[in-house]
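Structure, as structure tokens:
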Amino acid sequence: MLIVQKYGGTSVGSLERIEAVANRVLESKKDGVDMVIVVSAMSGETNKLIDYANHFGSNPDEREMDMLLSSGERVTSALLAIALKQKGHDAVSLSGNQAGILTDDLHTKARIQHIDRKRVEGELKKGKIVVVAGFQGVTNNGQITTLGRGGSDLSAVALAGALEADICEIYTDVDGVYTTDPRIVKKAKKLNKISYDEMLELASVGAKVLQTRSVEMAKKLNVNLVTRSSFNKNEGTLITKEENIMEKPIVSGIALDKNQAQVTLRKVIDKPGIAAEIFSTLAKKNINVDMIIQNVGHDGTTNLGFTIPENELEQTKEALKNIQPAEKIEYDDDIVKVSIVGVGMKSHSGVASMAFETLAKENINIEIISTSEIKISMVVASKYGELAVRALHKAYELDK
Ligand code: ADP
Ligand code: ASP
Ligand code: MG
């Protein structure tokens with residue numbers, strides 16, 4: 001049997017916490033059970049390193065950012081291996097590079113392309129607990145890369161998939177996946193199970209309990225994924241195939257994405273090829289454009305609006321400067337995205353209208369709406385984000 005466990009930033013946030021994690025790992029380490037542990041940097045560490053880099057100016061060199069940020073996870077992996085050894089169990093820490101995590105060369109948000117299992121398997125055969133530094137990999141050319149914020153989740157799932165682990169446990173600071181962020185709504189309920197698709201949508205619209213790409217990969221590789229708390233023994237949430245879930249609620253969860261900014265292009269020339277030019281320019285810079293609206297044109301021009309991650313705003317400004325697609329471009333980072341997710345929406349009507357009515361009752365103006373089969377997203381002013389989440393959570397009776 002092989003277990004992969006991942007411990008997030010808060011779970012390894014102090015030396016005492018690392019010691020607690022070492023004890024927990026040893027509790028799970030029974031005879032005949034191989035263990036691979038993936039760790040994040042201590043909480044706050046990655047942000048601190050980013051602030052250090054920004055001291056010298058905005059948009060620091062991305063190759064160097066990866067060298068810098070990957071160091072946080074290496075610290076915790078080595079400390080955990082040291083703690084495990086002091087407690088009498090053989091262990092070895094490995095960087096992403098040493099663990100054979102091969103990625104493309106998209107620095108700061110690289111994609112895993114392949115995992116070379118040899119080194120990890122060799123260490124497991126020697127009876128060691130293998131502690132892998134999360135969030136990082138290496139390119140074919142030996143360049144160190146990182147996997148995007150929250151990327152240790154992805155390291156864990158990818159290793160679990162490649163090593164054909166029996167289970168991948170994501171240990172964090174909440175008991176599992178809730179109907180919404182329990183920090184915003186006290187009455188949020190823990191879900192016992194959630195489907196890959198719902199979790200994927202929730203993660204992509206801001207529920208940071210799991211990184212989006214890790215859920216994508218778990219679904220693809222059919223990884224048995226569980227999130228649970230490292231602070232207690234409560235049972236967590238199983239992320240699994242839709243057919244394994246008997247009861248399908250209409251709405252499973254609500255998420256708030258604060259990392260959003262809106263771009264509005266005024267008086268864009270209304271002719272074929274303009275939108276293509278704008279969005280291909282952004283795509284080349286790997287900027288994730290999300291919700292898009294275009295007004296009905298008149299006088300040969302039109303207005304075009306879209307959302308992007310707030311932390312890609314500077315890059316977006318720079319990219320659009322080069323093509324000058326509109327008479328005027330407005331940027332607004334004072335917005336958030338509120339989303340409702342549920343597989344039951346597919347077969348129920350009235351879910352969207354209820355959302356709009358709920359926000360109207362609170363006098364919250366909706367700036368952009370987008371929907372998919374199992375999701376409704378709405379852009380609202382930042383100051384209304386949490387109020388909107390609370391009102392919707394109540395309206396869909398998720399606290400019942
Ligand atoms: P880690 O450092 O362990 O990776 P994160 O901070 O990335 O942990 O993710 C856990 C946090 O995600 C929780 O503390 C919680 O505030 C937040 N969160 C947002 N939405 C949800 C949700 N639907 N269920 C559980 N937690 C959520
Ligand atoms: N330390 C990285 C981050 O803060 C990766 C992770 O924690 O998963 O984004
Ligand atoms: Mg995380």
Side-chain angles (χ1 to χ4, degrees), residues 5-14 17 21 38-51 65-66 68-77 96 108-110 132-137 145-158 169-192 194 198-215 226-231 234 236-237 239 251-259 309 311 336-342 385-386 389 392-393 398-399:
Q5 295 185 337
K6 176 257 173 179
Y7 292 89
T10 321
S11 302
V12 294
S14 65
R17 286 298 315 158
V21 166
V38 175
V39 286
S40 288
M42 294 166 91
S43 59
E45 194 59 28
T46 307
N47 287 339
K48 190 185 86 185
L49 294 172
I50 292 173
D51 287 348
M65 283 309 280
D66 280 350
L68 179 70
L69 299 188
S70 59
S71 69
E73 271 64 12
R74 288 188 53 178
V75 169
T76 37
S77 62
T108 75
K109 40 184 166 181
V132 179
F135 180 51
Q136 57 187 278
T145 51
T146 61
L147 309 176
R149 295 309 302 267
S152 298
D153 295 338
L154 179 62
S155 309
V157 170
E169 297 177 318
I170 307 287
Y171 284 90
T172 182
D173 54 5
V174 285
D175 283 1
V177 180
Y178 281 70
T179 47
T180 192
D181 190 338
R183 289 176 205 269
I184 300 176
V185 179
K186 288 274 166 300
K187 284 188 179 167
K189 289 259 172 339
K190 193 191 78 190
L191 301 163
N192 292 326
I194 187 168
E198 286 171 302
M199 191 62 234
L200 197 56
E201 292 281 10
L202 274 179
S204 74
V205 295
K208 70 169 184 162
V209 61
L210 282 173
Q211 191 218 28
T212 310
R213 275 159 59 190
S214 72
V215 185
V226 170
T227 61
R228 56 189 302 185
S229 171
S230 70
F231 293 81
N234 297 346
T237 302
I239 295 102
V251 172
S252 298
I254 295 171
L256 176 63
D257 191 349
K258 294 182 177 169
N259 179 27
N311 57 358
V336 294
K337 184 167 68 183
V338 182
S339 308
I340 302 159
V341 171
E386 296 199 354
V389 169
L392 292 165
H393 195 265
L398 294 179
D399 38 10

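Atoms within each ligand, like the ligands themselves, are counted from 1 in listed order.
Under the 4.0 Å criterion applied to side-chain N and carboxylate O atoms, Asp173 and Arg183 are assigned as salt-bridge partners.
In terms of modelled atom types and a separation under 3.5 Å, the side chain of Thr237 and the main chain of Val177 share a donor-acceptor contact. At least one donor-acceptor pair closer than 3.5 Å links the side chain of Asp153 to the backbone N or O of Gln211. Using a distance-only test at 3.5 Å, with no hydrogens or angles considered, no donor-acceptor pair links the side chain of Ser43 to the main chain of Gly13. No donor-acceptor pair under 3.5 Å is formed between the side chain of Lys258 and the backbone N or O of Val336. Checked by atom type and distance alone, the side chain of Gln136 pairs as donor or acceptor with a backbone atom of Gly134 at under 3.5 Å. In this structure a side-chain-to-backbone donor-acceptor pair under 3.5 Å is missing from Asp175 to Ser229.
Of all the atoms in ligand 1, the ones that sit under 4.0 Å from a non-hydrogen atom of Lys6 are 4 (O). Counting the atoms of ligand 2 from 1 in the order shown, those under 4.0 Å from a heavy atom of Ser40 are 6 (C), 7 (O), 8 (O). Distances below 4.0 Å separate heavy atoms of Val174 from the following atoms of ligand 1: 13 (C), 14 (O), 25 (C), 26 (N). For ligand 1 and Val177, the ligand atoms under 4.0 Å from any heavy atom of the residue are 24 (N).
Looking at atom 3 (C) of ligand 2, its nearest protein heavy atom turns out to be Arg149 NE, 3.4 Å. Nearest to atom 27 (C) of ligand 1 among the protein's heavy atoms is Val209 CB, 3.8 Å. For atom 15 (C) of ligand 1, the closest non-hydrogen atom on the protein side is Asp181 OD1, 3.3 Å. Nearest protein neighbour of atom 2 (O) of ligand 1, counting heavy atoms only, is Gly9 N, 3.1 Å. Here the protein heavy atom with the shortest distance to atom 7 (O) of ligand 1 is Lys208 O, 3.4 Å. The nearest heavy-atom contact from the protein to atom 16 (O) of ligand 1 is Arg183 NE, 2.6 Å. The protein atom (non-hydrogen) at minimum distance from atom 13 (C) of ligand 1 is Asp173 OD1, 3.5 Å. With respect to atom 8 (O) of ligand 1, the closest heavy atom belonging to the protein is Thr172 OG1, 3.1 Å.
The distance from atom CD of Glu45 to atom CG of Leu69, rounded to the nearest 0.5 Å, is 10.0 Å. Taking CZ from Phe135 and CG from Asp66, the interatomic distance works out to 7.5 Å, rounded to the nearest 0.5 Å. Atom OG1 of Thr227 and atom CD of Glu169 lie 10.5 Å apart (nearest 0.5 Å). We find the NZ-CG distance between Lys190 and Asn234 to be 6.0 Å, quoted to the nearest 0.5 Å. Taking CG of Leu256 as the reference point, atom OG1 of Thr180 lies at 7.5 Å (rounded to 0.5 Å).
Considering Ile239, Val341, Thr212, Ile194 as possible partners of Leu200, the one that fulfils the side chain to side chain contact (heavy atoms under 4.5 Å, CB included) test is Thr212.
Of the polar atoms of Ser40, none of the N or O atoms is found under 3.5 Å from an N or O of ligand 1, judged by distance alone. The shortest N or O to N or O distance between Ser11 and ligand 1 is not under 3.5 Å. In terms of N/O distances under 3.5 Å, ligand 2 is approached by Gly150. Of the polar atoms of Lys6, none of the N or O atoms is found under 3.5 Å from an N or O of ligand 2, judged by distance alone. Considering backbone and side-chain N/O atoms, Asp153 never comes within less than 3.5 Å of an N/O atom of ligand 2. For ligand 1, one of its N or O atoms has an N or O atom of Tyr178 under 3.5 Å away.
Under 4.0 Å from ligand 1, the heavy atoms of Pro182 that appear belong solely to its side chain. Heavy atoms of Glu45 found under 4.0 angstrom from ligand 2: none, in either backbone or side chain. The part of Thr180 lying near ligand 1 is the backbone, judged by heavy-atom distances below 4.0 Å. Heavy atoms of Gln211 found under 4.0 angstrom from ligand 1: none, in either backbone or side chain.
For the 3.5 Å distance criterion, the side chains of Ser230 and Arg17 qualify, holding a donor opposite an acceptor.
Heavy atoms of Gly72 stay at 4.0 angstrom or farther from ligand 2. Ligand 1 lies less than 4.0 angstrom from a heavy atom belonging to Gly176. The closest approach between any non-hydrogen atom of Gly8 and ligand 2 is not below 4.0 Å.
For the pair Tyr178 and Lys189, the minimum side-chain heavy-atom distance is 4.5 Å or more.
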